[in-house]
Amino acid sequence: MATIEQQRAIATARARLRLQSVQQPQQQEPFVPSGEKTSGWAGGLVGYDPKALGITPAENIAGHPLTRFAMGAASPFLGAAQFGAEALGDTSGTETLKRTEELKRRGQTAMGGGEFDLTGLAGTAVSPAVLALRGIPGAASTTGRIGQGAAIGAGAGAVAPVTQGDDFMGSKAQQIGTGAALGAAIPAGIEGGKALAGGVRNVADLFTEKGAGRILSRYQGKITGDQNRQAVIDALKRAEPPVPGYQQTAGEILGPTPAGSPLVAHQKITAGTPGGPSAAFGQRALDQKAALSKAIETRAEVTDPMREAALEGTQAVGVSTQKLIRQMRGVVSQPGIRASDVVRKTFADTKDKIKDFTSRDGFINAKDLYTIRKELGN
């Protein structure tokens, strides 16, 4: 039995142990949220601490975003190599890809990457094999674009790695079929969207202020044809007004251009149809006449003084009519013209009038000759 001194020593030692336990709290494992950077040699290397995340270094590397991006970029080449090896009966590549995929999945989950590998998908999108598809020229028709999309999708499915299941060929056939379906659906959906948007646009044009003009423009583009469009555009760009203020219609400009004949014919129909744009063509004709009248007035203001000065300069002597009569006989004697009764009668009357105002020495007053010429022109 312990003495009183021994019991006191034991009690003192127990008290000291309890005191030390209170002063030194128990060391706990650090809490590291999934994907948070931590210290350590691995953390310093790739930004994550595998021990804190509860994964192996291999899972840490395989699940890292940089690795997943690189694996995504390489996936078309890995898939093609896997397909070739499987076709030759070598399954070692498939087993390696499956193990790598499992390591990546566990590492990705521990790092908070979720179930779907968006980073790997981004890497596939910028893979050289995928970027090379941009060099393929697009098909011209809708059916061609759908077929082209199906072929590209099937090819993408053929080179996609198989990392699930034991039936490689069955999985590969499913990948090819899914890729072909998605590849065909994308251009088909785009064309369907265009058709729907075009239908909505056409209906809206029936009820909007500028809709009639857009409908007419689309119709004119259709009747002109793609092969003639550039020739019509060039002819319209080259057109210049014959006189200031005279604005020609498209039909007038395109008259000498064979490619513009559909628009010329369409303008005649539109201009002759009561109501609608026909009134605008009528106003254009009035504006053109006004521009011509203004041009004639301007020309008269400039040339009349010049003509009067020329006529006054010949007043003293007059104009010899011998050469003039000889030239008129030459015109009337030309084949084709000489058979015209109108021409023969007109020139006969003109010669008689000239003779009436010709002096004995064979000269005619310049103003008299100018009046005869003006009336003949009228």
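Contact between Asp90 and Gly93 at its shortest, heavy atoms only, is OD1-N, 4.5 Å. Pro244 and Ala291 make their closest contact through O-CB, 3.9 Å (heavy atoms, listed as atom of the first residue, atom of the second, distance). Across all their heavy atoms, Pro65 and Thr119 have their closest contact at O-CG2, 3.3 Å. Closest approach of Val264 to Gly255, counting heavy atoms only: CG2-N, 4.1 Å. Summarising the geometry of Ala259 relative to Asn228, their closest heavy-atom pair is CB-CB, 3.8 Å, with the distance given to 0.1 Å. When every heavy atom of Leu254 is checked against every heavy atom of Ala235, the shortest pair comes out as CD2-CB, 3.7 Å.
The hydrophobic clustering, which links ILVMFWY residues whose side-chain heavy atoms are closer than 4.5 Å, places Ile176 and Met169 apart. Both Ile354 and Val331 belong to a single network of hydrophobic side chains, linked directly or stepwise wherever heavy atoms of I, L, V, M, F, W or Y lie under 4.5 Å apart. Criterion: ILVMFWY side-chain heavy atoms under 4.5 Å apart, direct or through other members. Under it, Leu78 and Phe83 are not part of a common hydrophobic cluster. Using a 4.5 Å cut-off between side-chain heavy atoms of Ile, Leu, Val, Met, Phe, Trp and Tyr, with links allowed through other members, Ile337 and Ile325 fall into the same hydrophobic cluster.
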Stepwise salt bridge (Lys or Arg N to Asp or Glu O under 4.0 Å) check, Asp226 with Arg229
CA-CA 5 Å; Asp226 294 336; Arg229 182 174 290 110; 2.7 Å; yes

Checking side chain to side chain contact (heavy atoms under 4.5 Å, CB included) for the pair Gln230/Asp234: CA distance, chi angles, key distance, verdict?
CA-CA 6 Å; Gln230 192 57 48; Asp234 293 341; 3.0 Å; yes

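The side chain to side chain donor-acceptor pair (under 3.5 Å) check on Ser333 picks up nothing, with sequence neighbours excluded.
Put simply, the side chain of Ser340 gets close to the backbone of Val343: a donor and an acceptor are under 3.5 Å apart. With Thr321 contributing its side chain and Ile364 its backbone, the two residues share no donor-acceptor pair below 3.5 Å. The backbone N or O of Glu59 lies less than 3.5 Å from a partner atom in the side chain of Thr56, making a donor-acceptor pair. Side chain of Ser359 to main chain of Phe363: a donor-acceptor pair is present (N/O by atom type, distance under 3.5 Å, no hydrogens or angles). With hydrogens and angles disregarded, a donor-acceptor distance shorter than 3.5 Å links the side chain of Arg68 to the backbone of Gly63.
Between Asp341 and Arg344, none of the side-chain N atoms (NZ, or NE/NH1/NH2) sits under 4.0 Å from a carboxylate O, so this pair counts as no salt bridge. Electrostatic pairing of Lys353 and Asp349 does not count as a salt bridge here, judged by no charged N lying under 4.0 Å from a carboxylate O. No salt bridge links Glu102 with Arg99; every basic N to acidic carboxylate O contact stays at or beyond 4.0 Å.
We find the CG-CE distance between Leu66 and Met71 to be 13.0 Å, quoted to the nearest 0.5 Å. Taking CZ from Arg238 and CD1 from Ile233, the interatomic distance works out to 11.5 Å, rounded to the nearest 0.5 Å. A distance of 8.5 Å separates NZ of Lys98 from CD of Gln82, quoted to the nearest 0.5 Å. Here the OG1 atom belonging to Thr350 is positioned 8.0 Å from the CD1 atom belonging to Ile372, to the nearest 0.5 angstrom. The line from CD of Glu95 to OG1 of Thr100 is 11.0 Å long, rounded to the nearest 0.5 Å. Taking CG of Asp287 as the start and NZ of Lys289 as the end, the distance is 11.5 Å to the nearest 0.5 Å.
Summarising the local packing, CD of Gln334 is surrounded by more than 12 heavy atoms from other residues, nucleotides or ligands at distances under 6.0 Å. Atom CD of Gln227 is surrounded by more than 12 heavy atoms from other residues, nucleotides or ligands within 6.0 Å.
A 4.5 Å side-chain heavy-atom check between Pro161 and Glu101 finds every atom pair outside the cut-off. Between Arg106 and Leu103 there is a side-chain heavy-atom pair separated by less than 4.5 Å. Side-chain contact between Asn365 and Phe357: absent, with no pair of heavy atoms (C-beta onward) separated by less than 4.5 Å. Counting heavy atoms from C-beta outward, Thr94 and Glu86 have side chains that approach closer than 4.5 Å.
With Glu252 as reference, Gln288 is the one residue of Arg284, Gln267, Gln288 to meet the side chain to side chain donor-acceptor pair (under 3.5 Å) rule.
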